[in-house]
Amino acid sequence: MRLTNRDVSLTRDIALSFVLSRGQIVSLGYFSSVSRANTRLKSLVDAGILARLATPYFGQGLYTAGSKAAEIVGERIAPLVLARRSSPRFVVHALTVTNIRLALLARSPGVWRFEQQVSHSFDYDRRYEVRPDGAFLTETLPVFVEADLGHVAPSKFAEKLRSYDAFNRSGEILRLFGSPSFRLLTITTGSRRSRHLRSLLPPSASFEYLCLTHEELGIPHVGAWS
C-alpha cells in the first residue's frame, strides 16, 4: 500500500489523540466527504495502520492506531501506539478533548498541541507537574485545556490548579512558551459542576481561569458509551 502525506499526518494525529471518530476526522479536514473518508479509512485498517474500535454505544466508526502504525509515526510518537488504551471512560475523554479542539479552532486561529507535547514537570517550592489535555496556542496567551467529565475528586482538581499557579509564578510558562502568562480553560459536564470547580481556584491565583459547560462551548456530549 502506498502511503500519502495525508495518511501519515492522520495516523500521527490519531496516535496523539488516542482515538478519533470518523466525523472528527472529516471535521479536522483530512477528507472532503464521508464517502471518501470511509474508502481510505477502510484501506488503512486493512493494512494494519489503523484499527477500528467496535462499540454498540457510538453511532459511527472510531479509529485508533493499528499494529503497523508505529512504523510510520516516528520514534517519539511510536510508544503511544504500543500504550494505547480503550476503556470506555478513556475513549469518552479522548473524544471530548477532540471536540473541544475543534470548537476552539472554529472560533479563532491557533495551533493545537497535544497532552504529550505540553506536559511538564518542574521544581518550584517543591516538585510539580502540569498535564493539560491539550493546549491551544494563539497570538496572545496560550490556552491550556482540561476536559472534566465529573470523575476527578475535588481535592485532586484543586491540586491541578495549584500546579498551574506554580507553573506561572515559577516562570516556566515564559521559559517554555515565551509568554508571561496563560489561560486555563476547563470544559465540564454541567453548571453545578462548573460552579464547584471554579470555587477551587486559589484566591490569589496568578492566571486567568475559565470554566464552561459543554453547552456553553457548543460541543455535544459524547454518546452513551457504557
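Note that the numbering runs from 1 along the sequence shown for the chain.
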**OP:** Would you check if the distance from the ring center of Y128 to the ring center of F167 is below 6.0 Å?
**Re:**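 When the ring centroids of Y128 and F167 are compared, they turn out to be at least 6.0 Å apart.
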Original post:
How about F144 and F177: are their ring centres within less than 6.0 Å of each other?
Top reply: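 That pair passes the under 6.0 Å test.
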Validation row: [X], [Y] side chains within 4.5 angstrom (heavy atoms):
{"X": "L104", "Y": "W112", "result": "yes"}
{"X": "L210", "Y": "R183", "result": "no"}
{"X": "Y63", "Y": "V19", "result": "no"}
{"X": "H196", "Y": "S191", "result": "no"}
{"X": "F136", "Y": "V111", "result": "no"}
{"X": "N38", "Y": "R22", "result": "yes"}
{"X": "I72", "Y": "L3", "result": "yes"}

Could you tell me the separation between the [atom1] atom of [X] and the [atom2] atom of [Y], rounded to the nearest 0.5 Å?
{"X": "E115", "Y": "S17", "atom1": "CD", "atom2": "OG", "value": "11.0 Å"}
{"X": "L212", "Y": "R198", "atom1": "CG", "atom2": "CZ", "value": "8.5 Å"}
{"X": "I187", "Y": "E146", "atom1": "CD1", "atom2": "CD", "value": "11.0 Å"}
{"X": "K42", "Y": "R52", "atom1": "NZ", "atom2": "CZ", "value": "11.0 Å"}

Subject >> Counterpart residues, salt bridge (charged side-chain N to carboxylate O under 4.0 Å, His left out), relative to R193 (two or more places apart) >> reply: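 Listed in chain order: D148.
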Original post:
Taking it one step at a time, do L62 and L20 satisfy side-chain contact (heavy atoms from CB on, under 4.5 Å)?
Top reply: CA-CA 6 Å; L62 300 178; L20 291 176; over 6 Å; no
[X] side chain to [Y] backbone, donor-acceptor under 3.5 Å:
{"X": "T188", "Y": "G190", "answer": "no"}
{"X": "E208", "Y": "F182", "answer": "no"}
{"X": "S170", "Y": "E172", "answer": "yes"}
{"X": "D165", "Y": "S206", "answer": "yes"}
{"X": "R101", "Y": "T96", "answer": "no"}
{"X": "D133", "Y": "V97", "answer": "no"}
{"X": "T138", "Y": "L141", "answer": "yes"}

Which atom names give the shortest non-hydrogen contact between [X] and [Y], and what distance separates them?
{"X": "G110", "Y": "L105", "answer": "O-CD2, 3.7 Å"}
{"X": "A158", "Y": "L200", "answer": "N-CD1, 4.2 Å"}
{"X": "S194", "Y": "T213", "answer": "CB-CG2, 4.3 Å"}
{"X": "S179", "Y": "P142", "answer": "OG-CD, 3.3 Å"}
{"X": "A37", "Y": "V26", "answer": "CB-CG2, 3.8 Å"}
{"X": "T189", "Y": "H221", "answer": "O-CE1, 3.5 Å"}

[X]-[Y] side chain donor-acceptor pair, cut-off 3.5 Å:
{"X": "S43", "Y": "D46", "value": "no"}
{"X": "R195", "Y": "S199", "value": "no"}
{"X": "E129", "Y": "H120", "value": "no"}

**OP:** Let me see the working for R131 and E159 under salt bridge (charged side-chain N to carboxylate O under 4.0 Å, His left out), right down to the final yes or no.
**Re:** CA-CA 12 Å; R131 186 176 289 275; E159 177 60 25; over 6 Å; no
Shared ILVMFWY cluster between [X] and [Y], side chains joined below 4.5 angstrom?
{"X": "F31", "Y": "I49", "value": "yes"}
{"X": "L28", "Y": "L50", "value": "yes"}
{"X": "L197", "Y": "L217", "value": "no"}
{"X": "L149", "Y": "V222", "value": "yes"}
{"X": "V130", "Y": "V143", "value": "no"}

Subject >> F122 and L176: CA distance, side-chain angles, deciding distance, side-chain contact (heavy atoms from CB on, under 4.5 Å) verdict >> reply: CA-CA 11 Å; F122 62 98; L176 294 177; over 6 Å; no
Subject >> Worked verdict on D7 versus R2 for salt bridge (charged side-chain N to carboxylate O under 4.0 Å, His left out) >> reply: CA-CA 9 Å; D7 294 332; R2 182 179 177 182; over 6 Å; no
**OP:** Please determine if R6 and D13 form a salt bridge, counting it only when a charged side-chain N lies under 4.0 Å from a carboxylate O.
**Re:**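 Between D13 and R6 there is no salt bridge, as every charged N stays at least 4.0 Å from the carboxylate O atoms.
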**OP:** Output yes when E71 and K68 qualify as a salt bridge under the 4.0 Å nitrogen-oxygen rule, no when they do not.
**Re:**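 Salt bridge flag = no for K68 with E71.
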**OP:** Could you walk me through whether R127 and S121 pass side-chain contact (heavy atoms from CB on, under 4.5 Å), step by step?
**Re:** CA-CA 7 Å; R127 191 69 172 169; S121 297; 3.5 Å; yes
Original post:
Would one find more than 12 heavy atoms of other residues, nucleotides or ligands at under 6.0 Å from atom CG of D125?
Top reply: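 Correct, the count exceeds 12.
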Original post:
Only one of T11, L16, L10 forms a side chain to side chain contact (heavy atoms under 4.5 Å, CB included) with I14, so which one is it?
Top reply: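 One option only clears the test, and that one is L10.
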**OP:** Report the C-alpha distance between N99 and Q24 in whole Å, list the side-chain angles of each, state the deciding distance to 0.1 Å, and finish with yes or no for side-chain contact (heavy atoms from CB on, under 4.5 Å).
**Re:** CA-CA 8 Å; N99 283 342; Q24 289 175 335; 3.0 Å; yes
Subject >> Cation-pi, Y164 ring and R162 (6.0 angstrom, 45 degrees) >> reply: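 Not satisfied by the 6.0 Å and 45° rule.
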